[in-house]
Amino acid sequence: MNTRRILSACAVILALAGCAIDDKLPQPDKVFRIGTGSYGGVYYPYGVSACRLWNAEAALSTTRCLVQNTAGSVDNIQRLKQGRVEFALVQADVLGREILEQRAAGTPSALRLVMAGPQEALTIVVNRASDIQSGKDLKGKRIAIGPVGSGQRATAQQLFAALNIATSDVSDVPALTSGQQSRMLCTGELDAALFVSAPPSGYVSESTMACGGMLLSLDDATRTALQQANPYLKPMTIGHDVYRGQSNDIQTVGVRALILTTANQPDELVYRFTRQIAGQLETFKRQHQAFRAITPESLVEAPDNLPRHPGAERFLREARLLR
């Protein structure tokens with residue numbers, strides 16, 4: 001069976017579940033792609049859930065939605081700009097830096113907002129044997145801060161700045177995937193790992209359940225410094241009952257995930273994509289625990305520096321979610 005037939009079969013057979021693809025392979029006709037993240041994070045199940053709702057209406061359209069696992073937010077922005085995906089999930093703070101850089105270069109952004117996704121938490125998991133009691137104890141430790149191209153790595157670097165810790169003050173292994181980070185915490189090869197993901201995160205759950213990893217709270221001064229340096233970061237609490245073995249609520253900061261597209265995407269495609277999620281929000285929220293906190297109000301949150309795609313705006317106004 002040739003590549004085109006394999007991909008076509010993937011789109012049909014897994015119509016209700018979404019399907020990951022490699023964008024280096026030839027693509028079948030009438031397909032659009034969602035750039036997500038690694039398999040154990042929240043972006044990937046978000047893309048799968050969105051594709052499931054879209055592909056459930058297969059009788060109404062021959063267009064198929066396919067999920068693409070990626071390195072994360074930074075990688076997703078590049079894929080959008082290069083036309084390698086039609087939609088993507090991106091951290092709001094990563095988007096903000098991208099827009100500032102483009103403005104400084106005198107280049108208008110082709111990115112457009114569709115809607116907001118879940119609120120993600122900066123989650124620090126430490127090995128119990130590491131003797132890390134506070135953020136400042138991260139200095140000199142073996143820490144995984146996320147793969148190059150990921151939003152979590154960008155946010156982790158902001159955390160170090162708020163703690164006055166230089167990147168050279170920690171032993172970082174940037175090539176690790178999130179799954180590898182969890183496993184190396186369990187083996188004692190890492191003292192801590194930093195994740196940015198809407199709770200509950202599969203990787204954080206793995207770290208706490210498999211080997212008793214502990215979540216680290218950030219003190220008031222660190223959270224304030226992070227928010228002053230990055231207006232996209234907001235105070236966030238991870239309840240003590242979200243991850244096994246945690247006896248106290250965890251105080252941290254969070255950032256909103258955004259679903260983006262580009263200005264050249266057809267209005268009708270973006271309109272229908274928005275309708276499949278925003279128009280079936282309660283159904284969508286049942287697909288994953290991390291989506292339960294999404295509300296009609298949070299769905300239409302928007303950064304000040306990025307226009308909304310006209311197709312998305314049309315549906316959100318029709319649904320009276322936007323005034």
Open item on the list: Please check this pair: side chain of Asp137 against backbone of Gln133, looking for a donor-acceptor N/O pair closer than 3.5 Å.
Closed with: yes

Open item on the list: Counting only heavy atoms from other residues, nucleotides and ligands, does the tally under 6.0 Å from CZ of Arg244 exceed 12?
Closed with: no

- [ ] Return the minimal non-hydrogen interatomic distance between Pro303 and Leu95, and the atom names on each side.
- [x] CG-CD2, 4.1 Å

TODO: For Ala290 and Pro200, work out which heavy atoms get closest and say how close.
DONE: N-CD, 3.9 Å

TODO: Report yes if the side chains of Val94 and Arg97 come closer than 4.5 Å at any heavy-atom pair, otherwise no.
DONE: yes

Open item on the list: Can a donor-acceptor pair be found, under 3.5 Å and without considering hydrogens, that links the side chain of Asp267 to the backbone of Pro310?
Closed with: no

TODO: Step by step, work out the side chain to side chain contact (heavy atoms under 4.5 Å, CB included) result for Phe32 and Phe273.
DONE: CA-CA 10 Å; Phe32 69 87; Phe273 180 82; 3.9 Å; yes

TODO: Of all the heavy-atom pairs spanning Ala263 and His309, show the shortest one and how long it is.
DONE: O-NE2, 4.0 Å

Open item on the list: With a 4.5 Å cut-off on side-chain heavy atoms, are Ser217 and Thr252 touching?
Closed with: no

TODO: Determine, step by step, whether Glu313 and Leu322 satisfy the side chain to side chain contact (heavy atoms under 4.5 Å, CB included) criterion, reporting the C-alpha distance in whole Å, the side-chain angles of both residues, the deciding distance to 0.1 Å, and the verdict.
DONE: CA-CA 8 Å; Glu313 182 165 348; Leu322 275 179; 4.1 Å; yes

Open item on the list: Measuring only between side-chain heavy atoms, which start at C-beta, is Lys141 closer than 4.5 Å to Val170?
Closed with: no

Task: Polar side-chain atom of Thr237 near backbone of Gly239 as donor-acceptor pair, under 3.5 Å - done: no

TODO: Quick one: do Lys234 and Glu120 satisfy salt bridge (charged side-chain N to carboxylate O under 4.0 Å, His left out)? Show the steps, please.
DONE: CA-CA 10 Å; Lys234 308 295 182 185; Glu120 302 183 90; over 6 Å; no

Open item on the list: Are more than 12 heavy atoms, taken from residues, nucleotides or ligands other than Asn264, located less than 6.0 Å from that residue's CG atom?
Closed with: yes

- [ ] Report yes if the side chains of Ile132 and Leu138 come closer than 4.5 Å at any heavy-atom pair, otherwise no.
- [x] yes

Task: Spacing of Asn230 atom CG and Gln91 atom CD [to the nearest 0.5 Å] - done: 9.5 Å

Open item on the list: Let me confirm one number: the OG1-CD1 distance from Thr36 to Ile259, rounded to the nearest 0.5 Å.
Closed with: 12.0 Å

Task: Value rounded to 0.5 Å, distance of OH in Tyr44 from CG in Asn69 - done: 6.0 Å

TODO: Spell out, as yes or no, whether a donor-acceptor pair under 3.5 Å connects the side chain of Thr123 to the backbone of Ala121.
DONE: yes

Open item on the list: Taking the cut-offs as 6.0 angstrom to the six-membered ring centre and 45 degrees off its axis, would you call Arg314 and Tyr271 a cation-pi pair?
Closed with: yes

TODO: State, with a plain yes or no, whether a side-chain heavy atom of Leu159 is found less than 4.5 Å away from one of Thr222.
DONE: yes

Open item on the list: Could you tell me if the side chain of Ile143 sits less than 4.5 Å from the side chain of Leu194, heavy atoms only?
Closed with: yes

Open item on the list: Pair His240, Asn248 - check side chain to side chain donor-acceptor pair (under 3.5 Å), show working.
Closed with: CA-CA 5 Å; His240 67 277; Asn248 299 310; over 6 Å; no

Open item on the list: To the closest 0.5 Å, what do you measure between CG (Asp75) and CD (Gln68)?
Closed with: 8.5 Å

Task: Ring-face cation contact, Trp54 with Arg272, 6.0 Å cut, 45° max - done: yes

Open item on the list: Within the 4.5 Å heavy-atom criterion, are Met236 and Pro199 side-chain neighbours or not?
Closed with: yes

Open item on the list: So, taking the atom named OG in Ser197 and the one named CG in Leu122, what distance separates them when rounded to the nearest 0.5 Å?
Closed with: 11.5 Å

Task: Under 3.5 Å donor-acceptor, Asp191 side chain and Arg142 backbone - done: yes

Task: Ser247 OG to Ile250 CD1 distance, which is reported to the nearest 0.5 Å - done: 8.0 Å

Task: Any donor-acceptor N/O pair, Glu86 side chain to Arg33 backbone, under 3.5 Å - done: yes

Open item on the list: Check this for me: Lys285, atom NZ, are more than 12 non-hydrogen atoms of other residues, nucleotides or ligands nearer than 6.0 Å?
Closed with: yes

- [ ] Please report the shortest heavy-atom distance between Leu299 and Met115, naming the atom on each side.
- [x] O-CB, 3.5 Å

- [ ] Would you name the heavy atoms of Tyr43 and Val90 that are closest together and state the gap between them?
- [x] OH-C, 3.7 Å

TODO: Please answer whether the main-chain N or O of Tyr203 pairs with a side-chain N or O of Ser207 as donor and acceptor at a distance below 3.5 Å.
DONE: yes

TODO: Before giving the answer on side chain to side chain contact (heavy atoms under 4.5 Å, CB included), spell out for Ser298 and Arg256 the whole-Å C-alpha distance, their side-chain angles and the decisive distance to 0.1 Å.
DONE: CA-CA 9 Å; Ser298 70; Arg256 182 68 65 185; 3.6 Å; yes

Open item on the list: Tell me if a side-chain donor or acceptor on Gln227 pairs with a main-chain N or O of Arg223 at a distance below 3.5 Å.
Closed with: yes

- [ ] Spell out, as yes or no, whether a donor-acceptor pair under 3.5 Å connects the side chain of Thr262 to the backbone of Leu111.
- [x] no

Open item on the list: Can you give me the closest heavy-atom contact between Phe291 and Ser49, atom names plus distance?
Closed with: CE1-OG, 3.6 Å

- [ ] Would you check, one step at a time, whether the test side chain to side chain contact (heavy atoms under 4.5 Å, CB included) holds for Ile77 with Arg79?
- [x] CA-CA 5 Å; Ile77 285 179; Arg79 289 171 183 258; over 6 Å; no

- [ ] For the residue pair Ile34 and Val85, establish whether any side-chain heavy-atom pair is separated by less than 4.5 Å.
- [x] no

Task: Arg112 side-chain N/O to Ser109 backbone N/O, donor-acceptor pair under 3.5 Å - done: yes

- [ ] Would you check if the distance from the ring center of Phe284 to the ring center of Tyr46 is below 6.0 Å?
- [x] yes

